[in-house]
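Please read the structure below before turning to the comments.
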There are 2 protein chains.
Amino acid sequence: MDETPVTLADLADGNLRRDILSGAFKPGEKLSIALLTNRYAIGASPLREALSRLSAEHLVVLEGKRGFTVAPVSVAELDDISACRRLIETEAVSQAVAAGDEAWESRMVAAFHKLDRAEERIQQDTGSLDEWEQRNREFHEAVVSACGSPWLIRLQKLLYAQHERYRRVSLTFREPDRDLRGEHRAIMQACLDRDAAAAARLSAEHIDRTVLAVHAVLAAGNVPPRRTRSSTRTASLPNRR
Amino acid sequence: MDETPVTLADLADGNLRRDILSGAFKPGEKLSIALLTNRYAIGASPLREALSRLSAEHLVVLEGKRGFTVAPVSVAELDDISACRRLIETEAVSQAVAAGDEAWESRMVAAFHKLDRAEERIQQDTGSLDEWEQRNREFHEAVVSACGSPWLIRLQKLLYAQHERYRRVSLTFREPDRDLRGEHRAIMQACLDRDAAAAARLSAEHIDRTVLAVHAVLAAGNVPPRRTRSSTRTASLPNRR
DNA sequence: AAAAACTTTTTTATCGATAAAAATTCGGGT
DNA sequence: ACCCGAATTTTTATCGATAAAAAAGTTTTT
């Protein structure tokens, strides 16, 4: 019934989003239209449109007559985003627990299962990180999906994306001493038990643990260069052609 | 020295934002590129870019190959937005009270004064509503400005804009039995007294009162006759196909 | 007269070209 | 050698044109 007309700008949006979140484009990096056009084989107009959307989501920044750049990262902003995500997501989880029906439960269980399998494969070094990231996102979206508030969901997605970027910028490896599977399972279980307080608390702790891990990596010297006026040397490798 | 290069897309953004928030463009109304180009005397490309940004903020919606429309309104979404704004703004106010310095206090006092004067003029029927709206926005932004969290501020702006649109769509007249000046003064006073709990509570109540008022208007029949701006189609009905 | 199929009109999405602005290079003067 | 400023290159922002899709209108068929 409902067609899905996909436009070139949508494609560009998807590509850019993926490459920014995955860290293929580094924070602060210049996003030159000319380069992007032959990287994606998409014209300048759709690209500009996609970049405009992303700039409203603060994944890229658009400066006056100076073009687009990937939004910079900083420890301070990591803390800021994390605090906001905690605020939004604990509220959303609580409401979801209160309002969720059976369909929600099964969505959650299904998403958890797929994520759990990906975790498994990662631990055996036979899985892709991209896949894990996608399923992790889907799990967290499933959990809050029953909160009944489109805006909470929208904000959750927004902040999750920002958070994911930080995670992937710094976490190319896995932390060995962390039981992610257990954390996810616990969140789901609290939801199934309809224990809103526990679900919210576990979610908050889950976020906090991630923040600590990323924090450690960021603080340990490997801080990407902060954007300053015109000092944006392309220290990264767009690696095209 | 930071220059401020203003681009045509920025101009279009500003114009569109103003006209959507003020209700000159009605919810659900089609935003045809051709019409907009000679309304603002701005080319199609900058317009498209501005509309893309606004669609990321959910002030306009972009459907597949069907063009842009002003985002629709509904009572359900009003409640949703209001709840989110309450969540964000109470948190931001609390943090601002905890972290605000003297400069913050004076920003707030100054903004309150300007708003209060506008209130005064409105009550005497010698003031413009646009001016009042701007100063109201500036006051609320001043209150949260010291919260120390750029993302909380960003979210506050986002939700405030949505809320403003609802207010202006339905509130062409003033509610006589409401002491807005007193409410604003009370919020500011609680902030100056460094009473975070009271400031948060008063802000929440402030939002809730607004919601009730808008709710009443929205529920009692549809959108009241706004200023004549080539009202093309039915504005408030969720029209499909 | 209603439905279906075709045609015309309108409008969107996109491209290619271009003017303007910023970054870069280059060259003389101190 | 170094700094300042003019000329050059690069890149951005924008326009005008165009192909394609949707909407509106028209005709034909039942």
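Since this is a predicted model, take the numbers as computed values, not measurements. Each chain gets a letter, A, B and so on, in the order the sequences are listed, and its residues count up from 1.
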Any idea which of dA23(D), dT12(C), dT12(D) is nearest the K30(A) side chain? dT12(D)

Is there any salt bridge (charged side-chain N to carboxylate O under 4.0 Å, His left out) pair reaching into residues 73-87 of chain A, and which pairs are they, with sequence neighbours excluded? R85(A)-E89(A), R86(A)-D208(A)

Cation-pi geometry met for R135(A) and W132(A) (6.0 Å, 45°): no

Output, in order, the C-alpha distance, side-chain angles, deciding distance and verdict of salt bridge (charged side-chain N to carboxylate O under 4.0 Å, His left out) for D13(A) and R18(A). CA-CA 8 Å; D13(A) 186 315; R18(A) 172 173 42 72; over 6 Å; no

Rounding to a whole Å, what distance do you find between N38(A):CG and dT10(D):P? 15 Å

Whole-Å gap separating P (dA13(D)) and CG (L11(B)): 14 Å

Does the side-chain hydrogen bond (donor to acceptor under 3.5 Å, both in side chains) test come out yes or no for R107(B) and S145(B), once each step is laid out? CA-CA 9 Å; R107(B) 276 201 304 278; S145(B) 66; 2.9 Å; yes

Between P of dA22(C) and CG of L62(A), the distance in whole Å: 14 Å

Evaluate the side-chain hydrogen bond (donor to acceptor under 3.5 Å, both in side chains) criterion for residues H163(B) and S82(B): first the C-alpha distance (whole Å), next the side-chain angles of each, then the deciding distance (0.1 Å), finally the verdict. CA-CA 7 Å; H163(B) 215 228; S82(B) 306; 3.0 Å; yes

Return yes when atom CZ of R117(A) has more than 12 non-hydrogen atoms of other residues, nucleotides or ligands closer than 6.0 Å, and no otherwise. no

Considering only nitrogen or oxygen atoms on both sides, find all protein atoms under 3.5 Å from nucleotides 14-17 of chain C and state each distance.
| unit_1 | atom_1 | unit_2 | atom_2 | d |
| --- | --- | --- | --- | --- |
| dT14(C) | OP1 | T7(A) | OG1 | 2.7 |
| dT14(C) | OP1 | L8(A) | N | 2.3 |
| dT14(C) | OP2 | T7(A) | OG1 | 2.7 |
| dC15(C) | OP2 | G43(A) | N | 3.3 |
| dC15(C) | N4 | S45(A) | OG | 3.4 |

To the nearest angstrom, how far is L47(A) atom CG from dT12(D) atom P? 11 Å

Measure the distance from CD on E29(A) to P on dT11(D) and round it to the nearest whole Å. 14 Å

Taken to the nearest whole Å, CZ/R66(A) to P/dA23(C) is 6 Å

